[in-house]
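Following: one structure in structure tokens, then a few remarks.
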Amino acid sequence: EGFRACPSELEEEPAQREPSHAPMGGVVTMLQQTAKGFPPDALRILVAVKGLQFGFVDQWFNKTVQYWMTDRGLAATQRQILGQITTIPFGSRYLIFAGASSLPLVSSKSSMLLIKVATVVAMAALASTPTASISIATFVMCILLYDMDRAYSAVFSSGLLSLLLNDDGVDGDRRVALTSATFLANSTFNVLGLLCAGLALWLMDLRVSFALLAIASMVVLLVMRNNYNKDMIPDMEKVTTPSILMVALYLGCASVVTALLPILGVSLPIALTVAAICAVGGVFAIDATLGRPIGMLCAFGCVKQSMSLNIGSTNFLFFTDPPSSFRDGPHLDPVFYVTFMGLLANVCVFIGIGFYHQWLKDWHIKRVFYLTYTLTFFAQLCALPLYLLWFRDEQVLARCFILLDEAFEVITNNLNDVPFFILVSAICSSDRGRDFAVFGLLGAATHLSMTVGTIGGTMLLQKFGVDPSGAQHEDHEFDNLWKVKLIRNSLTFVASVVATTFLLPEAKPEDEREQEYDPLMVDSPRSEDGLSHSGKSVDDVGMEESRIVMLGA
């Protein structure tokens, strides 16, 4: 079976558990237990993709791109539209994954390696060309190749992790442990990536960063090559039914069209309306194809993403503009903005996941989400004086409030990621490979909703006259940023609470599968003998990654 957990080790697991009374002690115990009984090759690939690629390479690459855009003098609204275009592959992630896994005359391993090679080539192209000589078209093409790899890897890693979680004999505690360990691996590599990125962006030319990222991408490629086996990906031709393929085509085409509307001269209100209609259509299509439980989770993710208006590029310029551009700004250097802020956030993530593992894993998912929403919103309100420029003469105090605003949201998001991933995995079909379709389509629909959030954020910035570009003497561009932040944060908080209340089930991440299914699978087809239509007991039966950080958090 190549890939399944070892039953004998799983049976011994309950006797090996010892209670831990400290959050970090709980994390250490969890990590010690996680590797037992799971196939080492699958775990190594998860660490390579979730950790090295999405944690190390992604963080460094996205920060480098932001500074490249500053060198080119792109305004905040231009950055957001450009970022949305370059992430188009995420809307077609399942098409990319299923297509690459089903190519005639080419094995799924060979197609995967070709995608990884394209990433290395793209990084090398950016490293070999002087920064000022890289045209926008070349830049976009290289990032599209990179994001095609990210889109493929997002579906592959999430589907692989879900298959491990749904393996026979893996109980609720071990699912929480494995998922938490995966996200901890991501945070660990985040720390390394942010440290390297901050020093490289401070001391070296941007080309050096791209060159080093090409080397790191090559390491990911080698790990995937040496640990991949054919049992990790099912026969996608059997999994990808005509209805799933039609939904994937719809989401991919809608993502391309909605991303290009602003570039084609369509007014932002019309583009926003079209994107919102397409996103709603995607939710209904997934609901009709994958069932009501997945449809409700899709609606939950889409509502949250649509209402989380994207103003990340403006935040970046507010923090990093030099005194010649923004006299009263924080003037953060790359070491503080990239490294210190990221390090503090990720160190706190370790504490936060330890806190969750020790005390919150027995809570219903809704309670965990309500807690994180409230804490995040409170932190954002406390940081509002920063954008009112009350601390223009107190740089140390200003930086403390920046950490409160930026780092706290990272911590609470990581607390939410673990239970939500487990919930999605728990309601995947028992048919092997369905996990990939569920996570691929959910991720594509969420990306489509991000277009709504990006266009909405751009409209909000324009409404209040906030559109900095790093030019000289642009202090006035930030006069109304505090109003934008207040509206954006309030809208996100209200939408998140409403979506959680009406679209999430009452469930606990560590519940056994039969308990998790009851609140959701009320319409699941079941025969008289208690079996699903797949012939397996119902008891046996993304969100990933990547928030699109191309534009900032």
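What you see is a predicted model; the values in this text were computed from it and never measured.
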query: Quick check: are there more than 12 heavy atoms from other residues, nucleotides or ligands sitting under 6.0 Å from CE of Met459?
result: yes
query: Counting heavy atoms not belonging to Glu394, are there more than 12 under 6.0 Å from its CD?
result: no
Is it the case that the side chains of [Y] and [X] hold a donor-acceptor pair, with the cut-off being a distance below 3.5 Å and no angle test?
| X | Y | answer |
| --- | --- | --- |
| Asp479 | Tyr387 | no |
| Ser108 | Ser101 | no |
| Ser469 | Arg72 | no |
| Thr451 | Thr454 | no |

What orientation do [X] and [Y] show, parallel under 30°, tilted 30 to 60°, or perpendicular over 60°?
| X | Y | result |
| --- | --- | --- |
| Phe478 | Phe318 | perpendicular |
| Phe139 | Trp68 | parallel |
| Phe316 | Tyr67 | perpendicular |

Between [X] and [Y], what is the shortest heavy-atom contact and its length?
| X | Y | value |
| --- | --- | --- |
| Val466 | Asn480 | CG2-C, 4.0 Å |
| Thr258 | Cys278 | CG2-SG, 4.1 Å |
| Asn227 | Met232 | O-CE, 3.3 Å |

Not counting sequence neighbours, which residues clear side-chain hydrogen bond (donor to acceptor under 3.5 Å, both in side chains) with [X]? List them please.
| X | value |
| --- | --- |
| Ser209 | Trp60 |
| Thr119 | Asp149 |
| Ser490 | none |

field: Gap between atom CZ of Phe61 and atom CG of Asp58 - 0.5 Å precision
entry: 8.5 Å
task: Could you name each residue pair satisfying salt bridge (Lys or Arg N to Asp or Glu O under 4.0 Å) that touches residues 449-476, not counting sequence neighbours?
output: none
query: How would you list all residue pairs meeting salt bridge (Lys or Arg N to Asp or Glu O under 4.0 Å) that involve residues 326-340, not counting sequence neighbours?
result: Asp328-Arg392
- prompt: How would you list, by chain and number, every residue that makes a salt bridge (Lys or Arg N to Asp or Glu O under 4.0 Å) with Asp321, sequence neighbours excluded?
  reply: none
task: Look at the side chain of Arg207 and the backbone N and O of Ala127, then say whether any donor-acceptor pair between them is shorter than 3.5 Å.
output: yes
query: Can you list the steps and then say if Arg150 with Asp147 is a salt bridge (charged side-chain N to carboxylate O under 4.0 Å, His left out)?
result: CA-CA 5 Å; Arg150 291 174 68 204; Asp147 280 343; 2.7 Å; yes
